[in-house]
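Written below as structure tokens is the structure these notes are about.
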Protein chains: 2
Amino acid sequence: MDLEKDSQTKLLETATTLFAQKGFNGVSVRQLAEAANVNIAAISYYFRGKEGLYQAVLEEQFAPIAAALSQTKTANKLSATEQLSMYAKHIAIIHRQRPLFTRFIFNEVSNPTPFFDLIFKKYISKIFQFITGALTKGIADGDFAADLNINHAALSLAGIMNFYFIVNPLAKTIMPLDNTSDAEEYTVQAYRIYLDGIRRKKDE
Amino acid sequence: MDLEKDSQTKLLETATTLFAQKGFNGVSVRQLAEAANVNIAAISYYFRGKEGLYQAVLEEQFAPIAAALSQTKTANKLSATEQLSMYAKHIAIIHRQRPLFTRFIFNEVSNPTPFFDLIFKKYISKIFQFITGALTKGIADGDFAADLNINHAALSLAGIMNFYFIVNPLAKTIMPLDNTSDAEEYTVQAYRIYLDGIRRKKDE
DNA sequence: GTCTATATTGCGATAGAC
DNA sequence: GTCTATCGCAATATAGAC
């Protein structure tokens with residue numbers, strides 16, 4: 001129960017939800033404190049203010065990314081397709097472990113906070129480089145269509161794999177007849193569509 | 001030149017840029033007025049306040065969507081592939097006419113304003129229905145793979161077609177070696193990848 | 001570690017002069 | 001149509017009591 005947790009933990013958990021839903025500018029420290037059932041002064045006491053609390057939330061959200069990136073160092077030996085599959089697999093893992101993760105990314109892209117540059121340099125650009133590296137290798141090996149624009153193809157992959165999670169809060173409204181919606185199933189199908197789409201065709 | 005435009009026009013144009021970049025909560029009326037080189041009271045005078053100004057910006061941004069949706073009524077006779085191509089074509093047109101359009105969509109998804117429901121019911125759900133309709137038809141006609149989850153496949157298409165424009169402001173940082181990046185080229189390739197990916201395979 | 005009270009700043013809006 | 005001055009309110013942050 002909430003009542004058993006200390007103020008610091010309650011604040012971090014509540015802030016994760018609220019910041020994800022409304023963005024940094026969309027939540028006030030009063031709302032945060034009230035929702036966490038904690039005195040407003042606790043935010044400064046534990047996190048040195050609203051920005052410090054937000055930073056703590058971000059760091060917690062990005063922890064699985066750091067873990068995933070550390071595994072890519074051994075990916076050189078894998079085929080291009082296996083590398084892309086590795087990306088797809090980690091996407092599914094991260095979204096399962098951190099269901100709100102994409103929302104933080106897109107809040108930052110929409111309305112960057114002072115932490116955006118850090119996140120970007122540390123994580124996002126490395127993910128992008130991993131994908132473009134795999135695509136380059138796949139084209140060189142003859143696995144993927146030779147006329148792909150690599151940067152665009154990398155954005156296509158990121159788009160098709162992550163879009164579901166961006167709009168997930170709207171899914172129930174958007175898909176009234178869908179009672180089987182499942183994140184895992186989405187990533188599998190999206191990745192298959194993408195891989196079939198970039199593959200070198202037989203008549204080429 | 002700006003100096004020749006009236007205050008109302010200058011406000012609308014400035015607000016379009018600033019709201020797109022920082023979201024509704026991220027911009028103050030003082031910033032708006034200063035950036036537009038207009039007195040702060042002009043916002044209430046012309047637009048009845050900050051929300052009215054934002055609404056005016058939204059309506060202007062969504063005008064091409066209304067035009068595109070009106071054309072889908074005659075799409076019944078087209079094949080499923082032609083219907084999806086129609087969607088892809090309109091995506092390219094809208095992004096060319098309104099480069100900031102996607103940012104408004106995603107600002108609304110991230111941090112909904114009171115206008116979100118209106119936008120959503122009026123436009124987004126109809127686009128989604130158009131896509132799912134085309135996919136259903138394509139599967140029935142044997143054009144697309146029979147085991148597609150239609151709702152997921154529709155989100156995949158929306159994701160692959162629009163992601164580029166969401167992250168476009170970051171493109172230069174993300175793609176340091178790319179000097180040919182072009183929105184039109186992106187949409188063509190992304191659509192081709194998607195279409196090849198959902199197509200019924202020969203050995204099925 | 002918690003809470004109240006308050007300091008300070010910035011917000012959106014507008015009355016009323018010009 | 002434009003501008004100044006100002007109102008009322010909410011924001012973040014913290015000093016100091018307990």
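All values reported here derive from a predicted model rather than from experimental measurement. Every chain is numbered from 1 and lettered A, B, ... according to where its sequence line falls, protein lines coming before strand lines.
Ring planes of A:Phe101 and A:Phe62: perpendicular class, angle over 60° (limits at 30 and 60°). Between A:Phe19 and A:Phe24, the ring-plane angle classifies as parallel under the 30° and 60° cut-offs.
The side chain of B:Ser28 contributes no N or O atom lying less than 4.0 Å from OP1 or OP2 of C:dG10. The phosphate of D:dT12 (OP1 or OP2) has no side-chain N or O of A:Arg30 nearer than 4.0 angstrom. Of the side-chain N and O atoms in A:Ser44, none sit less than 4.0 angstrom from OP1 or OP2 of D:dT12. Close to D:dG1, at under 4.0 Å from its OP1 or OP2, lies a side-chain N or O of B:Tyr46. When the side-chain nitrogen and oxygen atoms of A:Asn39 are compared with OP1 and OP2 of C:dT4, one or more of them lie within a distance under 4.0 Å.
Taking atom CG of A:Leu32 as the reference point, atom P of D:dT12 lies 8 Å away to the nearest angstrom. Per the geometry, CG belonging to A:Asp6 stands 10 Å off C1' belonging to C:dG1, to the nearest Å. Atom CD of A:Glu51 and atom P of D:dT14 are 12 Å apart (whole Å). Atoms NZ (B:Lys50) and C1' (C:dT14) sit 17 Å apart, rounded to a whole Å. Rounded to an integer number of Å, the gap from B:Leu11 CG to D:dC3 P is 11 Å. Taking atom CG of residue A:Leu18 and atom P of nucleotide D:dA11, one finds them 13 Å apart after rounding to whole Å. Separating the CD1 atom of A:Ile40 from the C1' atom of D:dA15 is a distance of 14 Å, rounded to the nearest angstrom. Between the OH atom of A:Tyr45 and the P atom of D:dA15 there is a distance of 14 Å, given to the nearest Å.
Between B:Leu100 and B:Gln21, the closest side-chain pair of non-hydrogen atoms is not below 4.5 Å.
For an aromatic pair to be called close, the ring centres must be under 6.0 Å apart, and A:Phe130 with A:Tyr87 fails this.
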